[in-house]
Protein chains: 2
Amino acid sequence: MTALKRIEREPLWDLAHAQLRDALLAGRFEPGTVLTLRSLAESFGTSITPVRDAVTRLVAQGVLQQGPRNSAIVPHLSRRELSDLTVVRCALEGRAAREAALHRHDDATLRKLQERLSTMQSLIAARKLESYLEHHRKFHFGIYAMSGIPLLVETIENMWLRCGPVLSYVIPEYVVLLKGWDHHTAALKAIVAGDADGAEREIVADISDAAHYLASLADSTGQLRRPSLVTS
Amino acid sequence: MTALKRIEREPLWDLAHAQLRDALLAGRFEPGTVLTLRSLAESFGTSITPVRDAVTRLVAQGVLQQGPRNSAIVPHLSRRELSDLTVVRCALEGRAAREAALHRHDDATLRKLQERLSTMQSLIAARKLESYLEHHRKFHFGIYAMSGIPLLVETIENMWLRCGPVLSYVIPEYVVLLKGWDHHTAALKAIVAGDADGAEREIVADISDAAHYLASLADSTGQLRRPSLVTS
DNA sequence: CGACGATGTTTGTTATAACAAACAACAAAA
DNA sequence: TTTTGTTGTTTGTTATAACAAACATCGTCG
């Protein structure tokens with residue numbers, strides 16, 4: 001058999017899962033929207049079976065909330081839930097930064113992160129905020145990957161998914177207002193220096209500051225909503 | 001409307017999910033076993049559709065590992081994975097204990113935990129180790145619930161599910177060998193006293209000690225296996 | 001005797017239909 | 001006008017069948 005094909009084709013529900021996940025993370029669904037299986041199936045051009053698998057998986061991950069009749073609704077994020085999320089994220093991501101600082105790393109990976117950091121700063125200066133988000137995410141997870149603990153990275157990713165929409169439409173204006181990159185450079189510097197306490201402190205400060213800014217935007221009911229949403 | 005019926009009937013896949021979850025946690029499946037949808041469906045007396053939902057959910061939670069052809073296999077736990085699990089658990093559960101110590105609590109809940117603690121000690125003395133496990137779990141989660149952060153409790157529960165089988169057949173003989181209840185009483189005492197540092201330290205020590213004991217039981221390949229399993 | 005290939009079986013994937021519960025709309029009665 | 005009962009629609013749930021890929025079995029050829 002000459003076939004080295006290694007087909008490794010992905011199932012339909014995996015595609016649906018990825019698409020839904022990205023849409024949620026990008027904030028393309030209004031919080032409170034009920035996602036019906038048949039409408040999703042129609043938009044994907046498949047049967048309801050694959051989208052049911054995808055939605056089941058997303059609900060299990062906590063990305064989607066399950067409504068009254070086991071319907072999947074894209075979750076609102078209250079100030080309280082954001083606060084809880086912040087506690088868990090600080091524990092997890094702070095620990096990841098600490099573990100990263102305790103290891104010795106290749107120069108290549110360190111240089112890559114530093115390059116990303118400088119491109120992030122130039123993106124801020126140029127007000128290219130759409131592409132900043134992606135770099136922001138990759139910088140954080142680049143640090144977390146340096147912990148060498150896949151389970152930790154996976155759990156952190158789960159938490160990001162839960163607060164994804166809120167981050168997506170608030171971080172850009174936050175980062176241009178504040179001096180947010182401060183903690184990023186400090187954290188990376190601490191990791192390079194092997195300063196575990198400093199790395200954890202800076203990452204926790206980065207998360208806490210952003211969360212504090214977000215919490216100040218909540219309305220009277222404690223709900224966090226998209227501030228402007230200038231739909232093109 | 002006289003109807004107070006509150007039907008609240010659970011779907012079949014929810015029952016299958018709960019049964020599988022409990023079986024995993026109790027260690028009734030040998031690690032490495034492939035769970036086929038049709039055989040599970042037959043044992044549950046249902047179609048494959050509900051069990052597919054349940055398995056999908058368990059895989060999404062990381063409780064089950066997905067094998068080569070997207071088949072679900074009950075995961076082996078290597079020494080390395082146990083180590084990673086321990087890091088995450090310490091970060092999470094230590095934080096939960098810390099948060100619990102920072103709050104003021106009802107006397108009722110505190111007394112309930114203390115009662116559970118004394119029954120645990122008497123169970124150890126009487127060598128009733130099967131029922132000890134359940135109390136052990138409820139004591140820990142009783143503390144974590146006192147953090148007042150449901151997301152934190154939920155995430156911790158997820159981690160317990162991942163190492164469930166190993167704990168189930170090792171903890172009993174561990175707890176009778178060592179003076180394991182020491183950390184439990186110390187942690188609860190610290191929480192009552194509002195000593196956040198002490199509460200975190202004791203819970204972390206409890207987890208670390210048990211993990212260290214488990215790691216010493218790994219075979220040459222780094223796999224953790226059921227030590228004796230005296231099947232009745 | 002050993003290796004290669006055909007064939008049947010197993011197993012996850014997907015589509016479809018039938019079903020039940022919940023919601024919405026409308027009409028009729030108090 | 002308000003309330004109530006009925007009906008039609010929506011939507012998640014479950015079963016079943018068809019399908020494709022992977023694995024096992026076994027026969028045939030070298």
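Reminder, nothing fancy here: chain letters follow the sequence lines and each chain counts from 1.
If you measure from atom CD of E42(B) to atom P of dT11(C), you get 11 Å, rounded to the nearest angstrom. When rounded to the nearest whole Å, the span between CD of Q66(A) and C1' of dT11(D) equals 15 Å. Nucleotide dA15(D) holds its P atom 14 Å from the CH2 atom of W13(B), rounded to whole Å. Atom-to-atom, CG of L12(B) to C1' of dA20(C) comes out at 13 Å; the value is rounded to the nearest Å. One can place CZ of F44(A) at 13 Å from P of dA15(C), the figure rounded to the nearest angstrom. Taking atom CG of D14(A) as the reference point, atom C1' of dT14(C) lies 14 Å away to the nearest angstrom. One can place CG of D53(A) at 14 Å from P of dG12(D), the figure rounded to the nearest angstrom. The separation between I73(B) atom CD1 and dA22(D) atom P is 17 Å, rounded to whole Å.
Using a 4.0 Å heavy-atom criterion, one finds that T36(A) contacts the sugar-phosphate atoms exclusively. Across all strands, L35(A) comes closer than 4.0 Å only to sugar-phosphate atoms, never to a base (heavy-atom distances).
When each of R69(B) and P50(B) is assigned the nucleotide of DNA chain D bearing its nearest heavy atom, the one mapping closer to the 5' terminus is P50(B). The residue among R38(B) and I48(A) whose nearest nucleotide of DNA chain C is located toward the 5' end is R38(B).
Checking dA15(D), dG12(C), dA15(C) against the side-chain heavy atoms of L37(B) singles out dG12(C) as nearest.
Of the charged side-chain nitrogens involved, none lies within less than 4.0 Å of a carboxylate oxygen, so that K112(A) and E115(A) do not count as a salt-bridged pair. Between R80(B) and D84(B), at least one side-chain nitrogen of the basic residue sits less than 4.0 Å from a carboxylate oxygen of the acidic one, meeting the salt-bridge criterion.
The phosphate of dT13(C) (OP1 or OP2) has a side-chain N or O of N70(B) nearer than 4.0 angstrom.
For R52(A) and dG12(D), a side-chain-to-base donor-acceptor distance below 3.5 Å is absent, hydrogens and geometry of angles not being considered.
The closest side-chain heavy-atom distance from L152(B) to Y144(B) is not below 4.5 Å.
Side-chain N or O atoms of S83(B) include none that pairs as donor or acceptor with a backbone N or O of R79(B) at under 3.5 Å.
Sorted by first and then second residue, the pairs that involve residues 145-157 of chain B and meet side-chain hydrogen bond (donor to acceptor under 3.5 Å, both in side chains), not counting sequence neighbours, are R162(A)-E154(B), R21(B)-E157(B).
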